[in-house]
Amino acid sequence: MAQAYMTETGSGGSGPERRGPRLRRLWDKWRGDRGIWRRGLILAALALLLALVMLLHAQIPNRIGNLGSLTETFLPWLGLFVPVLLVLALVRKSASALIAVLLPAIVWLNLFGGLLVDRTGSGGDLTVATHNVNAENPDPSGTARDVAASGADVVALEELTATAVPTYEKALAATYRYHSVQGTVGLWSKYPLTGARPVDIKLGWTRAMRATVATPDGGVAVYVAHLPSVRVKLEAGFTARQRDRSADALGEAIADEPLKRVVLLGDLNGTMNDRALNGVTSQMRSTQGAAGSGFGFSWPASFPMARIDQIMVKGIEPVTSWTLPETTSDHLPIAARVKVAATGS
């Protein structure tokens, strides 16, 4: 009896033996299904369309409602359609759709797979931060303290109001000895500031500035900018013409900058994928793209969907980049640590 029991249960895993035939039966069933290639052609077409939109996003015209820029703003989120199409293809038992779904998956990974890898490093000699504090912020003092707690050596604030500026100045005075406010943007620094002045971004009022920060490793030109907001309207699409003009003007100012080491901090109301920001993005590096972990979405703070707040550098090496905890603003503050020494003059 004992021997019979051992013979019956000692087959080494009747489970695998049963699973093997089950998988083979499923494969044989699919292989013998003559409609497996004909079903799901619409799903396959949708998958191909999705792949083409992501692959050729730069070719989508902006003439109609700035559709190209709108697509590029939320381009990473198109990847969510891939698992949906995959599940539908499995439900439909469609080999055509399953193969087609591989294309948008490959394109998405080619575009954004690198952002899924942690590229943060250690070291660096200058920490910078930027935050759109929101003109209607109910607790400007608390927001200022939260940003200062990041340990940043240089802090840029955008969307400052005349009534709130004294509050920010008082809250940051103990940490930052030097500061300059130009219009609705401001720069606070632990190191001396010189040459602080507005930057004309073709708006008629000041929403951008430039100053030289005298770091221990030499002067760094720091730009602070808050580009005009964009809107999505049913009758007009993605309205961003004013933002686009300001981006071009900002790009020209940075291109004319005499110092080789440049940092741009601010709310650009656009992502690195948005072609409308090419005047800026073509000559600078995103710290998040070069030394961050993940997408670093910053807006809206309650459910971040896009990184429209940017830290960008030229002639400086990004070391690490991250998003700071939520404040009482509708944006998340962001920070980066960079290496200034021996990277330019």
Side-chain angles (χ1 to χ4, degrees), residues 9 11-62 64-119 232-234 237-238 271-275 288-289 292-308 323 332:
T9 60
S11 57
S14 57
E17 288 183 359
R18 292 176 180 175
R19 283 195 297 270
R22 185 180 300 122
L23 291 174
R24 284 196 296 269
R25 286 196 301 270
L26 180 61
W27 168 248
D28 291 340
K29 182 178 179 180
W30 277 50
R31 187 176 58 178
D33 186 352
R34 296 181 179 180
I36 195 172
W37 295 102
R38 295 193 298 269
R39 284 194 304 270
L41 294 182
I42 294 178
L43 288 176
L46 290 174
L48 293 175
L49 178 61
L50 178 62
L52 287 173
V53 168
M54 290 191 291
L55 184 64
L56 303 176
H57 63 87
Q59 308 305 317
I60 300 174
N62 261 343
I64 304 174
N66 270 357
L67 184 59
S69 287
L70 177 60
T71 302
E72 289 164 340
T73 297
F74 299 102
L75 194 60
W77 292 94
L78 294 182
L80 292 178
F81 289 106
V82 172
V84 174
L85 290 171
L86 176 61
V87 170
L88 292 175
L90 290 172
V91 171
R92 288 287 291 148
K93 298 179 181 179
S94 169
S96 300
L98 283 172
I99 293 174
V101 168
L102 290 176
L103 294 177
I106 292 171
V107 172
W108 190 92
L109 287 173
N110 182 62
L111 289 173
F112 304 110
L115 294 175
L116 303 180
V117 179
D118 188 351
R119 297 170 307 287
V232 180
K233 301 178 180 178
L234 291 177
F238 191 63
T271 68
M272 293 296 295
N273 295 314
D274 191 338
R275 75 195 68 173
Q288 184 67 24
S293 177
F295 292 93
F297 294 149
S298 63
W299 178 88
S302 57
F303 187 82
M305 297 184 65
R307 185 180 177 87
I308 63 174
T323 302
L332 294 179

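As a basis for the values below, the full set of heavy atoms in this structure was taken, side chains included, without hydrogen atoms, waters or symmetry mates.
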Does the side chain of [Y] come within less than 4.5 Å of [X]'s, by heavy atoms?
X      : Y      : result
Pro304 : Leu332 : yes
Thr323 : Arg307 : yes
Val107 : Leu111 : yes

(request) For the pair Phe295 and Trp108, name the ring-plane relationship: parallel under 30°, tilted 30 to 60°, perpendicular over 60°. (result)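 Answer is tilted, since the angle falls between 30° and 60°.
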Nearest non-hydrogen partners of [X] and [Y], listed with the distance:
X      : Y      : value
Ser96  : Ala44  : O-CB, 4.0 Å
Val117 : Arg119 : O-NH1, 2.6 Å
Ala306 : Thr271 : CB-CG2, 4.2 Å

[atom1] of [X] to [atom2] of [Y]: how many Å apart, nearest 0.5 Å?
X      : Y      : atom1 : atom2 : value
Leu85  : Ser94  : CG    : OG    : 11.0 Å
Thr71  : Leu56  : OG1   : CG    : 12.0 Å
Leu70  : His57  : CG    : NE2   : 13.5 Å
Phe112 : Asn273 : CZ    : CG    : 4.5 Å
Leu48  : Leu55  : CG    : CG    : 11.5 Å
Leu88  : Ile42  : CG    : CD1   : 11.5 Å

**Item:** Short side-chain to backbone donor-acceptor contact, Arg39 and Lys93, under 3.5 Å
**Value:**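 Pair found, side chain donor or acceptor close to backbone of Lys93.
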| task | Could you tell me whether the side chain of Gln288 and the main chain of Gly294 form a donor-acceptor pair under 3.5 Å? | result |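 Between the backbone of Gly294 and the side chain of Gln288 there is a qualifying donor-acceptor contact (under 3.5 Å).
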_If you apply the rule side chain to side chain contact (heavy atoms under 4.5 Å, CB included), what do you find for Phe81 with Leu49, and how did you get there?_
CA-CA 11 Å; Phe81 289 106; Leu49 178 61; over 6 Å; no
- prompt: Excluding sequence neighbours, so at least two apart, what forms salt bridge (Lys or Arg N to Asp or Glu O under 4.0 Å) with Arg275?
  reply: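 Scan of Arg275 (salt bridge (Lys or Arg N to Asp or Glu O under 4.0 Å), adjacent residues dropped) gives Glu72.
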Practice prompt. List for me each residue that meets side-chain hydrogen bond (donor to acceptor under 3.5 Å, both in side chains) alongside Asn62, sequence neighbours excluded, and say none if there are none.
Written response: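 With neighbours one apart ignored, the set is Ser69.
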